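Down below is the structure, laid out as structure tokens.
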There are 2 protein chains.
Amino acid sequence: MKLENMTTAAGGPDARRRSYDDACGTAHGLELIGDRWALLVLRELMLGPRRFSDLRADLPGISANVLTQRLEELEARGLVRRRKLPPPASVQVYEATEWGLEAEPVIGALGRWAARSPWHDPSLPLSAVSLMLSFTNMLDAQRAKGFEGTVGFRFGEERFVARVGDGAIRVRRGSESQRQGEGQGEEQALVAGKPTDVAAVVYGGAPVKLLDISGDKTLAKRFFKLFRLPPKAAA
Amino acid sequence: MKLENMTTAAGGPDARRRSYDDACGTAHGLELIGDRWALLVLRELMLGPRRFSDLRADLPGISANVLTQRLEELEARGLVRRRKLPPPASVQVYEATEWGLEAEPVIGALGRWAARSPWHDPSLPLSAVSLMLSFTNMLDAQRAKGFEGTVGFRFGEERFVARVGDGAIRVRRGSESQRQGEGQGEEQALVAGKPTDVAAVVYGGAPVKLLDISGDKTLAKRFFKLFRLPPKAAA
DNA sequence: CGGCATCCGGGAAGATACTG
DNA sequence: CAGTATCTTCCCGGATGCCG
């Protein structure tokens with residue numbers, strides 16, 4: 001697997017599968033990120049670097065060898081970079097390149113479109129990154145107009161911050177330094193729970209009791225109402 | 001293939017491949033249109049119904065059985081409809097449903113993103129639909145501001161009309177009735193040639209000599225300058 | 001000829017086990 | 001923890017053939 005397959009286009013996007021032989025950008029896009037799992041791997045990297053086992057844990061059902069292969073391919077195509085964190089961490093992480101991050105509109109458009117599917121099942125497991133990205137995709141511009149505030153999220157060890165203002169939302173990963181840096185950080189409320197439960201509250205109308213909210217609870221509840229799933233398409 | 005595989009979810013999106021088991025809309029989207037060739041089949045239907053053999057001709061490299069399978073799946077998922085044209089035509093065509101047409105932003109986002117690829121080869125064959133869709137994706141909003149006009153295209157038997165105005169572009173298929181209806185139609189110029197040659201002129205700076213232009217040639221040349229490929233990403 | 005169904009070979013994906 | 005090795009399953013691609 002190291003040299004055998006390198007017979008084709010070393011460095012470039014290996015023509016592992018036969019090319020679509022089509023000048024259309026969409027076809028080329030499928031050659032880059034159309035392989036099974038590829039776009040979901042990239043999705044998990046959209047909010048910052050991840051470790052191999054974190055990716056594996058948040059992509060239920062992917063097998064280790066497939067994840068290895070996808071990461072190699074994405075790296076060869078210039079969408080993912082392998083990086084070693086400085087000591088004392090010294091662990092290897094995978095991060096999206098600048099261009100890889102630019103695939104966010106693709107992920108967003110696909111997600112918004114598929115949310116209209118009659119067969120979409122929101123009760124399935126959901127990764128923390130998926131949830132946070134869904135906020136940027138499902139923000140109701142009308143309702144966001146009159147809102148301004150910052151809400152933090154904690155899922156196990158992972159932390160995120162969502163700031164809404166000027167009718168837009170910006171989501172980022174909360175860093176370690178921030179946790180100890182400026183007290184509780186700039187968030188006005190902190191939501192803790194499982195991503196699936198947060199989704200159930202925001203999109204499924206489940207009771208807020210499911211979540212552990214500290215800080216400005218009223219603000220958090222108003223925040224939850226900023227998002228809406230699109231209407232279902234006709235089956 | 002008629003009854004054996006129907007053990008799973010008859011009518012719904014058959015779980016031919018194992019599901020991603022992920023509540024994320026993007027993951028569900030990949031289950032709907034993530035199969036190889038599926039999105040390109042849908043692309044060919046974005047500007048109107050097509051026949052089986054037309055699809056096959058414009059999707060170089062797809063085999064008949066795979067096309068059959070993709071069409072069946074897209075139909076089962078509610079993205080494509082099979083329709084029989086009224087006599088005397090009486091031929092069967094495949095057309096995108098309303099929801100299927102709504103996948104256009106997905107195709108557009110993927111195409112715009114992939115156009116930045118260092119490995120994108122615009123010299124490959126290009127279908128007429130791909131070319132016309134590229135106009136809607138690559139329109140330079142700045143340049144389109146000062147332009148207003150309608151340009152027709154003829155590729156063999158296929159005809160299209162692109163109208164630019166108010167900084168936006170609208171592309172549609174030219175119908176038979178229009179051809180004989182209102183003289184030359186409302187287009188101010190008519191461009192004839194191979195889609196690849198048009199792309200070479202518009203995106204590759206090739207000489208306009210490649211094309212057969214009738215009507216307002218100056219307008220056509222100005223039209224060609226309205227589109228621009230995004231800058232390449234770092235390799 | 002258009003629209004499939006069928007059979008076959010190669011190869012990617014999935015599951016499991018194993019290693020540094 | 002971060003992958004590799006191996007085996008099985010099944011999808012993709014190509015060819016052929018059927019049938020209106």
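Residue numbers start from 1 in every chain, and the chains themselves are labelled A, B, ... in the order their sequence lines are given, proteins ahead of strands. All values derive from a computational prediction rather than experimental measurement.
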Side-chain polar contacts of residues 191-201 of chain A - donor-acceptor pairs under 3.5 angstrom, sequence neighbours left out - could you list them?
none

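- Remark: P of C:dC4 and CG of B:L71 are 8 Å apart, rounded to the nearest angstrom.
- Taking atom OH on A:Y94 and atom P on D:dA2, their separation rounds to 8 Å, with Å as the unit.
- Between the NZ atom of A:K84 and the P atom of D:dA2 there is a distance of 10 Å, given to the nearest Å.
- Rotation axes derived from the C1' atoms of the five outermost pairs at either end of the helix from C:dG3-D:dC18 to C:dG20-D:dC1 lie 30° apart, to the nearest 10°.
- Residue A:R70 places at least one side-chain N or O closer than 4.0 Å to OP1 or OP2 of C:dA13.
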Below 3.5 Å, can you tabulate the donor-acceptor pairs from side chains in residues 102-109 of chain A to any protein atom, sequence neighbours excluded?
unit_1: A:E102; atom_1: OE1; unit_2: B:R116; atom_2: NH1; d: 2.4
unit_1: A:E102; atom_1: OE2; unit_2: B:R116; atom_2: NH1; d: 2.8

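- Look at CG on A:D35: it is 16 Å from P on D:dC11, rounded to the nearest Å.
- Of the residues in residues 40-62 of chain A, A:G61 come within less than 4.0 Å of DNA chain C through at least one heavy atom, sorted by number.
- Legend: residues meeting side-chain hydrogen bond (donor to acceptor under 3.5 Å, both in side chains) with A:S130, ordered by chain and number and at least two apart, are A:R43, A:S127.
- With the nearest nucleotide of DNA chain D identified for both A:Y20 and A:R82, A:R82 has the one nearer the 5' end.
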Could you tabulate the donor-acceptor pairs under 3.5 Å formed by side-chain atoms of residues 51-64 of chain A, not counting sequence neighbours?
unit_1: A:D58; atom_1: OD2; unit_2: A:R50; atom_2: NH2; d: 2.9
unit_1: A:S63; atom_1: OG; unit_2: A:N65; atom_2: OD1; d: 2.7

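- Look at A:R36 and you'll find a side-chain N or O under 4.0 angstrom from OP1 or OP2 of C:dG14.
- Nearest nucleotide to the B:Q69 side chain, out of D:dC12, C:dA13, C:dA15: D:dC12.
- What you find for B:W119 and A:R77 is that their closest heavy atoms are CZ3-O, 3.0 Å.
- The distance from atom CH2 of B:W37 to atom C1' of D:dG13 is 10 Å, rounded to the nearest whole Å.
- A pairwise comparison of heavy atoms in A:R112 and A:P230 identifies O-CG, 3.9 Å as the closest pair.
- In terms of polar N and O atoms assigned as donor or acceptor, the side chain of B:N65 comes within less than 3.5 Å of the base of D:dG14 in a complementary pairing.
- Side-chain N/O atoms of B:D121 and B:S123 include a donor and acceptor closer than 3.5 Å.
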Next item on the list: Go through the steps to decide whether B:R81 and B:E75 satisfy the test salt bridge (Lys or Arg N to Asp or Glu O under 4.0 Å), and finish with yes or no.
Entry: CA-CA 6 Å; B:R81 197 178 306 131; B:E75 188 181 12; over 6 Å; no

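- Look at CD on A:Q92: it is 11 Å from C1' on D:dC1, rounded to the nearest Å.
- Among D:dG13, D:dG3, C:dC4, the nucleotide with an atom closest to any side-chain atom of B:A64 is C:dC4.
- By the 6.0 Å and 45° rule, B:R36 stacks over the aromatic ring of A:Y20.
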